[in-house]
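All remarks here apply to the structure that follows.
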Amino acid sequence: MEQEMVKPKLVIKSLYKIFGKHPTDALPLIKEGRSKEEILEKTGQTVGLRDVNISVQEGEIFVVMGLSGSGKSTLLRCTNRLIKPTSGEVLIDGIDIASLGDDELRNLRREKLGMVFQNFALLPHRSVIENVAFGLEVQGMPEEERLEKAKKTIKMVGLAEYEESMPSALSGGMKQRVGLARALASDPGILLMDEAFSALDPIIRTGMQDELLDLQNELNKTIIFVTHDLDEALKLGNRIALMKDGAVVQVGTPEEILSSPADDYVASFVAGVDMTKVLTAEGVMKNPDPVVSIVSGPRVAMKLMEDHGISTIFAVGKGKTFRGLVAVEDAVAAARAKKTNIEDILITDTPVTRPDTPVRDLMGLVATTQYPVAVVDENNRLKGVIVRGSLLGALDVTSNGEEDEE
Amino acid sequence: MNSFELPKIPLGDAVEALVEWIEINFAVVLDWISDGLDWIIEGIKYLLLVLPAPVFIILASLLVWLVTKRDTKLAIGSVLGLFLIWDLQLWSLAMETLALVLSSTLFALIFGIPTGILAARSEVTHQLVKPCLDFMQTMPAFVYLIPAVVFFGLGNVPGMIATVIFAMPPVVRLTALGIQQVPKELVELADAFGTTERQKLVKVQLPVAMPTIMAGINQCIMMALSMVVIAAMIGAQGLGYKVLEGIQRLDIGLGFEGGLAIVIIAIILDRVTQSFAPKRTE
Ligand SMILES: Nc1ncnc2c1ncn2[C@@H]1O[C@H](COP(=O)(O)OP(=O)(O)O)[C@@H](O)[C@H]1O
Ligand SMILES: [Mg+2]
């Protein structure tokens, strides 16, 4: 996935936001690394953001997560300048938005930035289609054209029959579909979503998450998604930034956050997560070492297994392509029979999986097979091996962590 | 204690001098305003009386029925009430009163809504406007009848001016309140989607504040109606004058008939304007 994302769409550089009348009073204290409470007590200024540096790639869902008050909304609103940062840079497509004049900023908001709000923010006096067409109307698009476009977008979010309904007649999930459609109608490159699903019931919420992922597959937007919910973050995020007291404490893929939390704060967040849902084969596999070349004889295979104290070994072809597995008893028998090639004794119906398979789906496989599971990429190259012990081990580590926290 | 007397500040004298000064120096302007306003009141009255009363009553009640989303009870009540006014031979007086109320309301809105918008958008304006409104609402209405008479003579025009001053505060207050109460998320929505200040006002703030603004308009009309009798004291015509006549002659019947006609008009206008304020549902 990483190779596809090359162009940074949004770059934030040493961004600070201090709320209060005298933000400059607080700056030196921040740079000294004083805590948020201390600074509030000493200067009366509230630290909103503290030296935030992030870079979001085009097409990425970048989740900003943290407890309430950690600065997530502030960060999101600095992105479209609803909040003016105290210092630092926000670059969208390489342009520093602080350098824009009023008109240019307005155009940027109209054309490049869509926003979805926690409480939907639908205009109560407008029908669904008029709400969705709002952004286009603000841009000055003629009525016929904008209603046409709005109609298409409404269809996309599955509300085709509700165009003329008033917001008050819709359920929460439907309201947020309208909110989403409104943000998508002007086809902005960046979508800013602030706790967009937090006001919804759990089941509807899960449905909306799935739908967002489906839409994203089609549209390939750059999405900044704010949430305080870890499960949501892990499900949606290509990468996650964890915030605490206005600072970003860790940025990484869901797996990186889970498997190597940067500090206790992250660890405490991560504790209690159902690891089987989020860990993938890649996260629990071991390096396949040793392997035996397909052109080797049975004695070589025997020797390698003997040296490493193992009873099976993977056989690989050119470029480490996965060919099969050799068991020690077969190798011994073949050596006795004076065979010179292991190809005859290769076991090829061994379980194979992909690096991004969730561990949840591996459990059954691992439990029912006597062989180690080979992890191969789309070119059939051997990437790793999963044995029952290492899988349970990986899950065990994290469940221990959970107990520590409680 | 009694021996010491605080020197009295000649506040009354000063106000009197100011009023006189305005009257002398701006006589032409005052005349011009007076003529203009009179023309408007007479114009509205003329329009109201163009149709024969029975036709007007039926059409008006039908209109009431439509704008109140088919409130049949109210429509029937309007028919009966208005026919009663006609039957009491108060029709043209009632239309004159209605003309006064409508033109006063019109001016109260023309000045009040923009002032309310400004007050909602700037704290400085808000701080300036607030004491003025308090003054307008608490100063007994009789007091500004006097300068109104000095500037504009006796008749409908000073009555209308006094009514505008008396009835405008709720429009300003509720317009400002309505705009300030627009949910923060909706204001953010406007900004995030790149509205100009004007678009934000017209497409988001005013429509969302409309129920509250309508409540202000409703209060404004009710207060304008309540000024009818007081305005009659400085020569405003219409039902108020009839009631005043009843008071002066101690003619209970006359006063009651005029008063009842005012009540009928008030109820109809109240229900109609209330129906314009959609219940907030979100
Ligand atoms: N307009 C504001 N004025 C003063 N303090 C604010 C303002 N907005 C946010 N804050 C403070 O900044 C911090 C971060 O707030 P916010 O970004 O809303 O957090 P989150 O969205 O993560 O819950 C909080 O301590 C909050 O009280
Ligand atoms: Mg927030």
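Salt bridge A:K221/A:E58: absent, no basic N to carboxylate O contact under 4.0 Å. A salt bridge between A:K149 and A:D187 is absent, with no side-chain N of the basic residue lying under 4.0 Å from a carboxylate O of the acidic one.
Interface remark: A:Q118 contributes backbone and side-chain atoms alike to the contact with chain B (heavy atom separation under 4.5 Å). Contact of B:Q199 with chain A is made through the side chain alone, with heavy-atom distances under 4.5 Å.
Taking the ring axis of A:F120 as reference, the NZ or CZ atom of A:R182 does not stay both within 45° of it and closer than 6.0 Å to the ring centre.
Top candidate by heavy-atom pairs under 4.5 Å with chain B, chosen from A:L82, A:L113, A:N107, is A:L82.
Atom NZ of A:K175 sits about 12.5 Å away from atom CG of A:L159, to the nearest 0.5 Å.
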